[in-house]
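Letters A, B, ... are given to chains in the order of the sequence lines, protein chains preceding strands, and every chain is numbered from 1.
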Amino acid sequence: MLYNFKDIENKWQNFWAENNTFKAENNSTLPKFYVLDMFPYPSGAGLHVGHPLGYIASDIYSRYKRLKGFNVLHPQGYDSFGLPAEQYAIQTGRHPLQTTNENISRYREQLDRLGFSFDWSREIRTSNKNYYKWTQLMFIKLFNSWYDIDSNKSKDIKELISIFESNGNSNVNASKSDVIKTFESKEWNSYSLDKKEEILLNYRLAYLSEIDVNWCPKLGTVLANDEIIDGLSERGGHEVLRKKMTQWSIRISAYSERLLNGLNDIDWPEPLKEMQRNWIGKSEGAMVSFDVENFDKQIEVFTTRVDTIYGVSFMTLAPEHPFVKHITKDENLEPVKNYIEKSAKKTERERMSDVKSISGVFTGAYAIHPLNNEKLEIWISDYVLAGYGTGAVMAVPCGDQRDYNFAKFFNIPIKNIFLDKDISKEAFQSKEDFVLTNSEDLDGLNFKDGLNLATNKLQEINKGVRKINYKLRDAVFSRQRYWGEPFPVYYKGNSPVMIDQKYLPVALPDVDKYLPTEDGKPPLGNSKEWAWDTINNKVVANSLVDNKSVFRLELNTMPGWAGSSWYFNRYMDSNNDQEFASKESLNYWKEVDVYIGGSEHATGHLLYSRFWQYFLYDLDLVPVKDYAKKLINQGMILGNSAFISREVGTDNYFSKEIVKNVKTQLIHVDVQFVDTNNELDLDALRNWQPQFKNANFESLNQKFIVHREVEKMSKSKYNVINPDQICNDYGADTLRLYEMFLGPIEQAKPWNTAGISGTYSFLKKFWNLFHSTGEFYVDDNDPSKESLKILHKTIKKIEEDINNFSLNTSVSAFMICVNELSSQKCNNLYILKNLTILLSPFAPHICEEIWNKLGNLNTISFEPFPIFNPEFIKENSFEYPVSFNGKMKFKLNLEASLGVEEIKKTLQEDERLEKYLSQREIKKIIVVTGKIINIVC
RNA sequence: GCUCGAGUGGUGGAAUUGGUAGACACGUUGGACUUAAAAUCCAAUGAACAGUAAUGUUCGUAUGGGUUCAAGUCCCAUCUCGAGUACCA
């Protein structure tokens, strides 16, 4: 009887679907366990073999936890709002919902073929009304909240209003935009509604403001920094410009410190935490104020090196700094104006490629050093960024390389404040190994003492204060797109008003065109029905807008990360239409126990979602502040692209080993036409694309060899391996095992189809153990000691490996086990049962099939997951870990029955220990639980 | 530039965290079965040298040094690759 994976896999996939085998219950006496994958964006290209890597690992873990007696939640869904569907809609006029649904069915089909144990009854799609209804509600909550620094949490805006009404704002310590004037309760009460609203916007966690954004004219939308690569849009590679626009932002910066500290409480990969730490970018330093000659305001600068305050020899402002136009002297006006204009025109891309060149202009104004009253020239330069710190820098050329370069370039004097340090070639940037000089009473101090004294001195004269600065900036929340969540917002004049949550969702309207309108409004501006009737509380035609009871609605939509920032909570109770999830379900499932996904989301999704959860936690809407206890980063599976070299401008192609003295370029060819020896099937190539039809191919020995390179798998590189193909040829169980076998889960690795025969023949061998006579046959006598030994060795190894997510080595352990059993000709029932249970998380179909065959033989009891029994390994000889004085450790091959004297003898005979023991004397040998031996010398 | 991470056979990768390096798999070679092929099974497979042979010797985890009875693993320096970040004051 052959191993017919096709029938077996079909049969069990249908069985699981019909019986809802993997449906998780919200009420259970079993302990809960929540295993989550990052949900995919359903793209038109379908899945390739790289996508399922994480899903296979999480599925193995889920199935393992079920066997261990947990109530496992293992859901899946789709992040179905996004740009590609919209781009496609623009090109074809088809509604994004339609293409998204088609892509989802294709994804589902492919996922089902791999035998995943997802609970599909909980499926979610971020683009469904009954999902984004809750995203809209959470936006309203953000809008209606402010961040109280004193109690370190978000609170209801009503509380803030009542403080304003009774005490004004002078005692409020809140995260807020701009510097707001202080006001008394009397003043507040006298303000108009519009004025109050304007002030409140500066406190709200979701707020409107005029900001510099990355505008992509080609896509007609604003992009986040992480959606831009090398100054071009991540998608499409279009040009990106900087432009001022009124946008919604989320005040994530209020949570900087908590997001940073919270990293200590979660079991996430260290490199990923490091990335988040760098992104949040905490730096401790001080704000220092510099007076300006003939100007009534002071320039504030942030510095981490107050100790170098006496080394300041000039000031630099960002060209966008608000003071520039006020302080510039008349005779300097012309060059300053030119410089500002020039740098405003520069795109981010140009600024980046321009890092090396030094530019700047003197304003003619002077600042006054706060401690020694020296006059300092004030310059402007675009190496100072308007968006970081205060947009102004105290320049210390002897201690900062950029200031140094600037000073050298413009011949500004450089003062050395580091004793005996040579600064003739470059600045001395270290914070260690120096003492200060030329610094009045800081002379002779090191970094730490200098910093403290300088800060204290500045504080005394009211010119400086300790300050912590973060790089993390507020997140832009508006997108000029169609295919996203509409804001539940209408406008009374310029003030945004939230629609009452009773009337959610505010559904996405249909439009004729998905492009921005001709006058530059977002695509929703194309809708004829996009106004809010406050009497009937529904969306009505634009023509009815009267600004009395019918108002225009917000035209922007929310960004991709809105829906993905809280979806893990929705799975707990995804069909609830009263709440985003019931209190009971939230309290039962609490948080994700294991979350699997790529590290490319480190500073995007994985940061935003942490923020979002903290916010919900502050409002007491979720029971835990960290939504994912443990995170595993799966690496990418890369493609092995094939290239042929073409002589530039001709139709001549050369096999790899031919070296020609002509200019050639490499052209991608489909990897399907290349065999394992890198030989190209020329006939297939000629039929593939017309350019190759009559081309001239030159090779040695009739074999045309391609050039290989490892790259990301993508349709455009013709290196995609489709999982369906592998399932057809080898079966899902083989693919699952092979993807795990390929290497450590977190590592990026190239796909190589050739290696798959190893795992395939392993499954065949396993199957043949019990089909050696042609029919299914097992022996129900007591198992032999040898087979028990190998079984228990394997149990131990598998359990350890799964817990460490070291799934590649566990596949090896299975192979060793089956090879051993097969050479023992073991077809014992007890062994079979235990082994299939052990293997079932990895290769579930084949194991189900064997259990089914066992049906009527089901007389021997066995554990749901086999328990390791060390007795079976200890038989005869075994490698014992040995330690000396509880310190040094190594392995010693000993027989189990040896006495102390015999152990002593064995030790002395071991040549590894010869030198060590020649210097010491064995005093005592301690044998603990027959396992660990400690030797006291 | 800065911050992390990694360099092990022809290839993917193991190594119980300092204890016999190269598990397991691919590939390659040889053999069995077969009219033949496929499939399957068995054996060999880091390199060099010696031996008819069993076997033995030497070298070997990017490079150079160090600590230790013992180093792929720890320390220092150098080189290479990958990821993140980008004038962050």
Winner on side-chain proximity to A:Asn808, out of B:C24, B:A15, B:G13, is B:G13
Take a 6.0 Å sphere around NZ of A:Lys282 and say whether it holds more than 12 heavy atoms from other residues, nucleotides or ligands. yes
B:U28 -> Watson-Crick or G-U wobble partner, both distances under 3.5 Å, gives B:A44
State the pairing partner of B:A6; accept Watson-Crick or G-U wobble contacts with both distances under 3.5 Å, and report none otherwise. B:U80
Nearest to the side chain of A:Thr809, heavy atoms from C-beta on, is which of B:A89, B:A15, B:U3? B:A15
Considering only nitrogen or oxygen atoms on both sides, find all protein atoms under 3.5 Å from nucleotides 9-12 of chain B and state each distance.
residue, atom, partner, partner atom, Å
B:G12, O2', A:Leu742, O, 2.7

Rounded distance in Å - CD (A:Glu600) to C1' (B:U85): 16 Å
Closest approach to the side chain of A:Pro744, judged atom by atom: which nucleotide of B:U3, B:G13, B:A25 is it? B:G13
Between the NZ atom in A:Lys717 and the CD atom in A:Glu711, the distance rounded to the nearest 0.5 Å is 5.0 Å
Quiz question: by atom type and distance under 3.5 Å, do the side chains of A:Asn469 and A:Ser283 form a donor-acceptor pair? no
Give the nucleotide from the list B:C41, B:A89, B:A25 with an atom nearest to the side chain of A:Lys765. B:C41
Base partner of B:A50, which must satisfy Watson-Crick or wobble distances under 3.5 Å: B:U55
